[in-house]
Protein chains: 2
Amino acid sequence: MSNRDDIIKKLKSSGISPTSQRIDIAQILFAKPQHLSAEQILNKVNEESNSKASKATIYNTLGLFAKKGLVKEVIVDPSKVFYDSNVSRHFHFFNTDTGILTDIPDGAINVDHLPESPEGTVSTGLEVIVRIKNS
Amino acid sequence: MSNRDDIIKKLKSSGISPTSQRIDIAQILFAKPQHLSAEQILNKVNEESNSKASKATIYNTLGLFAKKGLVKEVIVDPSKVFYDSNVSRHFHFFNTDTGILTDIPDGAINVDHLPESPEGTVSTGLEVIVRIKNS
DNA sequence: TCACTTTTCTAGACTTTGTCTAACGGTATA
DNA sequence: TATACCGTTAGACAAAGTCTAGAAAAGTGA
Ligand SMILES: [Mn+2]
Ligand SMILES: [Mn+2]
Ligand SMILES: [Zn+2]
Ligand SMILES: [Zn+2]
């Protein structure tokens, strides 16, 4: 399913030229639904895959993927951004003791009566974060 | 209402020794419900008030106030933390074009069916952020 | 194939937010 | 007065992320 050719198709269908660095990064990200930091992705590319990519390319690529809607940035930790390979609507637990981000099971939370955006603005996304700590 | 003596009472009743730096920072923060970054507070202390405070003291004090529940940290902008002087439960719009954080009017949004926290953890807070951009 | 253009990648300098350390200052206490 | 305690400070430091300028790849047309 997430083999090289499918990844290439996925990138092309989003209008992204499938360079080898982009393919490597995509293979790591899209292997499963997960939350990774830029540093984790950089390490994985340079350990798990045969090729390598620079820090600048990691950030450029993640920014490109986010702009094209292939990943979602999750901002919950003041020290780093998480990149979420699951772009369908869902919400998060963030454990401030461990720094681990996990998904809230679908249907376990309900948000409604969504507010209208202020004059001159439009909504681009809804985020719900339940902060937790070890008990 | 937010004169010097009330501020001192407020700090004391939270178990905080009212030093002159802490009083200055509290006066700026608690003047009204608002969202300020550490840098904005540093600038205000050193411009608006007669005294001055160092960067280290600003961060120490904001950390102390947050621990005591006098301010709430809001993490929505990957580049800086906002300190919210309104600690009652409410949610936020974050405009990614302007970087401005505003409150969602009370009752304009409704969250229910809150999920149980995973085994071994307890919830410490709920955050709802509606990201918006200029239209 | 060749000449040329455009896109992507890279090392490393740089910026910014936030943390840490070690010295210093003020106040209370004996 | 001695000394202990707490808070403040300057500035070094750490870490995430951005930027720049050049090199490498890839595309284009003849
Ligand atoms: Mn930060
Ligand atoms: Mn950052
Ligand atoms: Zn997720
Ligand atoms: Zn607020």
Side-chain angles (χ1 to χ4, degrees), chain A residues 7-8 11-12 14-28 35-46 49-68 70-84 94 96 99 101, chain B residues 7-8 11-12 14-28 35-46 49-68 70-84 94 96 99 101:
Chain A
I7 292 285
I8 291 174
L11 294 179
K12 280 185 177 161
S14 293
I16 296 173
S17 312
T19 65
S20 72
Q21 289 85 348
R22 288 168 178 170
I23 294 166
D24 287 343
I25 294 169
Q27 272 189 314
I28 289 164
H35 309 110
L36 296 173
S37 67
E39 202 204 359
Q40 286 178 306
I41 294 164
L42 178 62
N43 291 340
K44 279 178 186 263
V45 168
N46 294 325
S49 83
N50 313 333
S51 37
K52 53 153 298 194
S54 69
K55 188 172 61 154
T57 297
I58 300 292
Y59 280 103
N60 286 344
T61 301
L62 291 171
L64 178 64
F65 285 6
K67 198 179 75 181
K68 298 291 188 177
L70 299 181
V71 296
K72 215 185 68 176
E73 299 181 343
V74 181
I75 296 155
V76 279
D77 183 329
S79 76
K80 60 180 178 292
V81 172
F82 284 103
Y83 293 86
D84 193 338
F94 181 64
T96 48
L101 185 66
Chain B
I7 292 285
I8 291 175
L11 295 180
K12 280 184 177 164
S14 293
I16 297 173
S17 311
T19 65
S20 71
Q21 289 87 348
R22 288 169 178 169
I23 293 166
D24 286 343
I25 294 169
Q27 271 188 316
I28 288 163
H35 310 108
L36 295 174
S37 67
E39 201 204 358
Q40 288 178 305
I41 294 165
L42 178 61
N43 291 339
K44 280 179 186 261
V45 168
N46 294 327
S49 83
N50 313 334
S51 35
K52 55 155 298 196
S54 69
K55 188 173 60 154
T57 296
I58 299 293
Y59 279 104
N60 287 346
T61 301
L62 291 172
L64 178 64
F65 285 7
K67 198 179 75 181
K68 298 292 187 173
L70 298 181
V71 297
K72 215 184 69 177
E73 299 180 343
V74 182
I75 296 155
V76 279
D77 182 329
S79 77
K80 61 179 176 293
V81 172
F82 284 102
Y83 293 86
D84 194 339
F94 181 64
T96 48
L101 185 66

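Note that this is a predicted model, so its numbers are computed, not measured. Every chain is numbered from 1, with letters handed out A, B, ... down the list of sequences.
OP1 or OP2 of dT7(C) has not a single side-chain nitrogen or oxygen of Ser17(A) nearer than 4.0 Å. Between Gln21(A) and dA25(D) there is no side-chain polar atom (N or O) within less than 4.0 angstrom of OP1 or OP2. Side-chain N/O atoms of Thr19(B) include one lying less than 4.0 angstrom from OP1 or OP2 on dT8(D).
Look at CG on Asn60(B): it is 13 Å from P on dA10(D), rounded to the nearest Å. With rounding to whole Å, Tyr59(B) atom OH is found 9 Å from dT16(C) atom C1'. The nearest whole Å value for the distance from the NZ atom in Lys80(B) to the P atom in dG18(C) is 9 Å. The distance between atom CD1 of Ile58(A) and atom P of dT8(C), rounded to the nearest whole Å, is 16 Å. Remark: C1' of dA16(D) and CG of Leu36(A) are 16 Å apart, rounded to the nearest angstrom. Rounded to whole Å, atom P of dG26(C) lies 16 Å from atom CZ of Arg22(B). Rounded to whole Å, the distance from CD1 on Ile23(A) to P on dA25(D) is 15 Å. Atom-to-atom, CG of Asp24(A) to C1' of dT10(C) comes out at 15 Å; the value is rounded to the nearest Å.
His35(A) approaches Gln40(A) most closely through the heavy-atom pair O-OE1, 4.0 Å. Between Arg22(B) and Ser17(B), the closest heavy-atom pair is NH1-O, 3.0 Å. Closest of all the heavy-atom pairs between Leu36(B) and Ile41(B) is CB-CG1, 3.8 Å. In this structure, Ala53(B) and Ile58(B) approach most closely via the heavy-atom pair CB-CD1, 4.1 Å. The minimum heavy-atom distance between Ala26(B) and Leu11(B), with the atom names listed, is CB-CD2, 4.4 Å. Heavy-atom minimum distance, Ile75(A) versus Pro78(B): CD1-CD, 3.7 Å.
Interatomic distance, NZ of Lys44(B) versus CG of Asn46(B), reported as 12.5 Å (0.5 Å rounding).
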With the criterion being N/O to N/O and under 3.5 Å, what pairs connect the protein with nucleotides 11-15 of chain C, and how long is each?
unit_1	atom_1	unit_2	atom_2	d
dA11(C)	OP1	Lys52(A)	NZ	2.9

